[in-house]
2 protein chains.
Amino acid sequence: MARSPANLSYRDIKQVVLDRIQTGLWSPDSILPSEADLAVEFSSTRTTVNRALRELAEEGYLERKRKAGTRVLKSPIRKAQFSIPLVRDEITATGAAYRYSLVDRKVQAAPSWLAARLDLKRGQEVLYLRCMHYADNAPFQLEVRWIVPDVLSEVLEESFEHSGPNDWLVSRVPFTNLELSFLATKANGEIAEFLDAPLGDPVFTAERITWLQGAPVTYAKLYFAPGYRMTTHL
Amino acid sequence: MARSPANLSYRDIKQVVLDRIQTGLWSPDSILPSEADLAVEFSSTRTTVNRALRELAEEGYLERKRKAGTRVLKSPIRKAQFSIPLVRDEITATGAAYRYSLVDRKVQAAPSWLAARLDLKRGQEVLYLRCMHYADNAPFQLEVRWIVPDVLSEVLEESFEHSGPNDWLVSRVPFTNLELSFLATKANGEIAEFLDAPLGDPVFTAERITWLQGAPVTYAKLYFAPGYRMTTHL
DNA sequence: TAGTGGTCTAGACCACCCG
DNA sequence: GGGTGGTCTAGACCACTAT
């Protein structure tokens with residue numbers, strides 16, 4: 001049999017369903033026809049309809065329950081996705097030249113606040129690093145990072161003179177768990193100097209903690225130069 | 001035939017594959033066996049293996065290309081997902097009592113910066129709102145919002161005395177497009193007063209623009225009380 | 001051009017849970 | 001209890017692209 005041109009893919013079905021939601025034909029809180037019915041309407045199979053509806057549910061448009069059926073959500077629980085790119089990529093993506101510089105590097109006992117935060121043993125040795133990332137030679141980000149060498153003893157042999165710990169880590173550590181926060185902090189003397197920002201000015205800051213199978217790997221604080229915004233479209 | 005306990009679901013397969021990645025058995029940049037081979041190994045079908053790998057790819061662990069095969073990504077492009085909850089939900093979720101208060105409400109010609117940003121006609125009338133959200137009577141968020149009544153003429157009849165525009169909007173407008181930014185701003189006099197923050201202190205700020213099928217619907221700026229952080233786990 | 005993933009079909013059994 | 005979604009199977013054709 002010739003493939004009729006009306007043969008709908010799961011993408012097509014997604015689009016049709018989305019249109020019906022967005023034009024209000026299927027209004028918030030209403031129940032969609034069952035997969036079986038839709039399969040008939042679209043001359044498709046339940047498997048294909050299922051994939052379309054499942055993805056729309058993942059994207060936050062629908063809620064699905066056995067027996068109860070598929071319901072249009074009132075407020076799409078749309079999820080903002082931030083890709084957490086490597087600084088280098090973030091900079092070169094804008095066409096600017098990326099430059100890295102190591103500021104500080106030492107092995108020290110974990111400060112007590114860090115030990116508490118990461119659940120480290122008292123006196124646990126950690127690698128402390130400060131680095132600067134520049135975009136076209138303008139300050140872009142100050143990175144302050146502690147690395148726990150427990151799982152990663154090789155890290156102590158890295159100088160990080162010429163490339164940042166981020167690059168090194170991501171290609172080596174398949175982290176299993178991540179906590180990421182965004183906040184606004186006040187530029188203290190050092191931060192202000194490194195970022196070339198007025199003292200006391202607001203600085204957009206990211207805090208990142210990474211674990212590998214339950215064991216803390218690294219804690220990083222990223223201070224962005226004035227004017228930075230983290231943006232997403234969806 | 002009895003279901004053998006070794007019968008693997010796509011979830012099981014995901015977990016096994018993830019383990020092999022995280023233990024380094026399949027290291028970054030390496031190529032996985034083909035779906036067909038894996039189906040044999042797991043005594044499953046290609047369809048099921050496909051779903052497992054497809055989801056791992058969506059989650060940022062793998063990259064898949066026809067003919068090239070499935071490759072383990074060096075740096076998991078893990079996506080941070082922020083759910084953009086309604087303020088009310090965010091507050092009540094902590095167990096605190098939510099209180100809303102309308103500060104300002106007027107219809108005005110769109111300020112020129114807003115007109116430019118949203119691509120409005122010159123002199124286009126918009127609804128301007130300022131509201132406060134409190135958690136246990138402590139300032140939580142100052143919301144400054146403009147709504148374009150083009151698509152939503154009913155909005156002009158809403159007083160927003162007792163509930164915020166956010167609630168009203170989400171249950172009415174199936175927005176098609178959203179731009180969300182996070183930044184750090186400096187508390188000016190008004191913001192400082194409303195949020196009970198020291199003048200000049202950093203304020204974590206979200207900016208949100210929403211469109212409905214290409215037409216701008218609303219622009220909002222959300223100023224959070226000092227100490228706020230936006231956190232995600234993955 | 002051959003191998004790999006992308007997708008669809010047709011059918012089946014099952015788990016859940018609303019009425 | 002029965003309807004709905006969740007998932008698996010077995011097989012097929014197709015689209016892309018590395019080599």
Side-chain angles (χ1 to χ4, degrees), chain A residues 1-18 20-21 26 28-74 76-77, chain B residues 1-18 20-21 26 28-74 76-77:
Chain A
M1 181 191 298
R3 276 178 85 75
S4 99
N7 203 329
L8 296 178
S9 72
Y10 81 95
R11 288 168 199 278
D12 300 325
I13 296 178
K14 271 181 78 169
Q15 194 51 58
V16 172
V17 172
L18 198 49
R20 292 187 184 173
I21 294 173
W26 288 337
D29 250 1
S30 62
I31 302 285
L32 269 58
S34 74
E35 291 187 348
D37 290 349
L38 288 174
V40 171
E41 179 192 338
F42 295 129
S43 312
S44 183
T45 58
R46 196 161 81 84
T47 312
T48 300
V49 172
N50 177 278
R51 177 157 181 196
L53 297 187
R54 177 164 29 94
E55 292 197 358
L56 285 172
E58 271 167 19
E59 289 163 26
Y61 293 100
L62 301 174
E63 186 186 50
R64 321 194 70 204
K65 263 192 246 167
R66 285 160 155 123
K67 165 69 180 179
T70 299
R71 201 166 50 81
V72 179
L73 281 177
K74 281 173 63 164
I77 312 181
Chain B
M1 181 193 300
R3 275 177 88 74
S4 100
N7 203 329
L8 296 177
S9 73
Y10 81 95
R11 288 170 199 277
D12 300 326
I13 296 180
K14 272 181 78 170
Q15 194 51 58
V16 172
V17 171
L18 197 50
R20 290 186 185 175
I21 293 172
W26 288 337
D29 250 0
S30 63
I31 301 287
L32 268 58
S34 73
E35 291 186 348
D37 290 350
L38 288 174
V40 171
E41 180 193 337
F42 294 130
S43 311
S44 181
T45 58
R46 197 162 81 81
T47 312
T48 301
V49 171
N50 177 278
R51 177 157 182 197
L53 297 187
R54 177 164 28 94
E55 292 196 358
L56 285 172
E58 271 167 18
E59 289 164 25
Y61 293 101
L62 302 173
E63 187 186 50
R64 321 193 70 201
K65 264 191 241 166
R66 285 157 153 126
K67 166 70 179 178
T70 299
R71 200 166 51 79
V72 180
L73 283 178
K74 282 174 59 167
I77 311 181

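All chains are named by letter (A, B, ...) in the order of the sequence lines, taking the proteins before the strands, and each is independently numbered beginning at 1.
Taking atom CZ on B:Phe42 and atom C1' on D:dA10, their separation rounds to 19 Å, with Å as the unit. We find that NZ of A:Lys65 is positioned 25 Å from P of C:dC14, with the value rounded to whole Å. The interatomic distance linking B:Ile13 (CD1) with D:dT7 (C1') rounds to 12 Å, in whole Å. Spacing between atom CD1 of A:Ile31 and atom C1' of D:dT4 amounts to 11 Å, rounded to whole angstrom units. To the nearest angstrom, P of D:dG3 lies 22 Å from CZ of A:Arg71. The distance between atom NZ of A:Lys67 and atom C1' of C:dC14, rounded to the nearest whole Å, is 16 Å. Computed from coordinates, the A:Arg64 CZ to D:dT4 C1' distance equals 9 Å when rounded to whole Å. The separation between A:Asp12 atom CG and C:dG6 atom P is 18 Å, rounded to whole Å.
Checking D:dT7, D:dT9, C:dG11 against every side-chain atom of A:Thr47, the shortest atom distance belongs to C:dG11. Of the candidates D:dT4, D:dC8, C:dT4, the closest approach to any side-chain atom of B:Arg66 belongs to C:dT4. Of the candidate nucleotides C:dC8, C:dT9, D:dC8, D:dC8 has the atom nearest to the side chain of B:Tyr10.
Taking 3.5 Å as the limit, the base of C:dG6 and the side chain of B:Arg46 contain a donor-acceptor pair of atoms between them.
The side chain of A:Arg51 contributes no N or O atom lying less than 4.0 Å from OP1 or OP2 of D:dT7. One finds no side-chain N or O of B:Thr48 lying less than 4.0 angstrom from the OP1 or OP2 phosphate oxygen of D:dT7. Here B:Thr70 reaches the OP1 or OP2 of C:dG5: one of its side-chain N or O atoms lies under 4.0 Å away. Considering only side-chain N and O atoms, A:Ser9 lies under 4.0 angstrom from the phosphate OP1 or OP2 of C:dC8.
Taking the charged nitrogens against the carboxylate oxygens, B:Arg46 and B:Glu41 have no contact shorter than 4.0 Å, which rules out a salt bridge. Taking the charged nitrogens against the carboxylate oxygens, B:Glu35 and B:Arg64 do have a contact shorter than 4.0 Å, which makes a salt bridge.
Proximity of B:Thr47 to B:Arg51: side-chain heavy atoms (C-beta onward) are nowhere separated by under 4.5 Å.
Where A:Asn50 and A:Gly69 meet DNA chain D, the nucleotide closest to each residue was compared, and A:Gly69 sits on the side nearer the 5' end.
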One pair to check against side chain to side chain contact (heavy atoms under 4.5 Å, CB included): B:Leu32 and B:Leu53. What are the steps and the verdict? CA-CA 10 Å; B:Leu32 268 58; B:Leu53 297 187; 4.1 Å; yes
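At a threshold of 4.0 angstrom between heavy atoms, the contacts of B:Arg11 are confined to the sugar-phosphate backbone, with no base atom among them.
Using a 3.5 Å distance cut-off with no hydrogens or angles, the side chains of A:Asp12 and A:Ser9 do pair a donor with an acceptor.
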